[in-house]
Amino acid sequence: MQDLATRISVQPGRVVVSLSGCLDVWHIPALAESLCHAVDLAPDEIVVDCAGLVFVDAAARRFLNRLGILAPLDHVRVVVVRVPPAIKRRWEQVGLTRVLDVK
């Protein structure tokens with residue numbers, strides 16, 4: 001399995017967190033750290049760019065589900081973009097796209 005790579009870029013009013021590789025139980029702490037850093041920058045919106053993801057396991061889907069529920073409590077809008085089709089289909093099957101704003 002590939003490791004997860006994260007990259008953060010700051011734009012006016014938003015922070016983009018780009019992901020590539022495998023998002024699984026072992027990589028959730030790295031993603032959580034990146035997202036906490038993004039929230040600390042106090043943006044109006046966090047964009048999670050998933051274009052480089054090749055795999056997302058059930059534990060990571062649960063983490064993303066919690067993100068979709070908790071982020072609005074911090075008054076931060078989270079938008080997930082460029083999800084690979086196979087991953088997006090699985091997210092639709094398990095209802096994750098009802099919790100996250102997936103474009």
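- Tracing side-chain contacts under 4.5 Å through hydrophobic residues (I, L, V, M, F, W, Y), one reaches Val17 starting from Val76; they form part of the same cluster.
- Annotation: side chain of Pro29 is not in contact with side chain of Phe63 (no heavy-atom distance under 4.5 Å).
- By the rule that hydrophobic residues join a cluster once side-chain heavy atoms approach within less than 4.5 Å of another member, Leu100 and Val48 end up as members of one cluster.
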* Apply side-chain hydrogen bond (donor to acceptor under 3.5 Å, both in side chains) to the pair His27 and Asp24, showing each step before the final yes or no. => CA-CA 5 Å; His27 298 107; Asp24 58 21; 2.7 Å; yes
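- The OG atom of Ser34 sits 11.5 Å away from the CZ atom of Arg7 when rounded to the nearest 0.5 Å.
- Minimum interatomic distance between Val102 and Thr97 (heavy atoms only, all atoms of both residues): CG2-CG2, 4.0 Å.
- Nearest heavy atoms, Gly21 versus Gln2: CA-OE1, 3.2 Å.
- Within 6.0 Å of atom CD in Glu33, 12 or fewer heavy atoms from other residues, nucleotides or ligands are found, so the atom counts as exposed in its surroundings.
- Looking only at side-chain heavy atoms (C-beta outward), Pro85 and Arg89 come within less than 4.5 Å of each other.
- Among the candidates Asp49, Thr6, Leu53, the single residue satisfying the side-chain contact (heavy atoms from CB on, under 4.5 Å) test with Ser18 is Asp49.
- When all heavy atoms are compared, the tightest approach of Leu67 to Pro72 is O-CD, 4.3 Å.
- The NZ atom of Lys88 lies 13.0 Å from the CZ atom of Arg82; values are rounded to the nearest 0.5 Å.
- Nearest heavy atoms, Leu23 versus Leu19: CD2-CD1, 4.4 Å.
- Across all non-hydrogen atoms, the minimal contact from Val47 to Glu45 is CG2-OE1, 3.7 Å.
- No side-chain heavy atom of Val16 sits under 4.5 Å from any side-chain heavy atom of Ile8.
- Shown here for Phe55 and Ile87, the closest heavy-atom pair between the two residues is N-CD1, 4.0 Å.
- Looking only at side-chain heavy atoms (C-beta outward), Lys103 and Asp101 come within less than 4.5 Å of each other.
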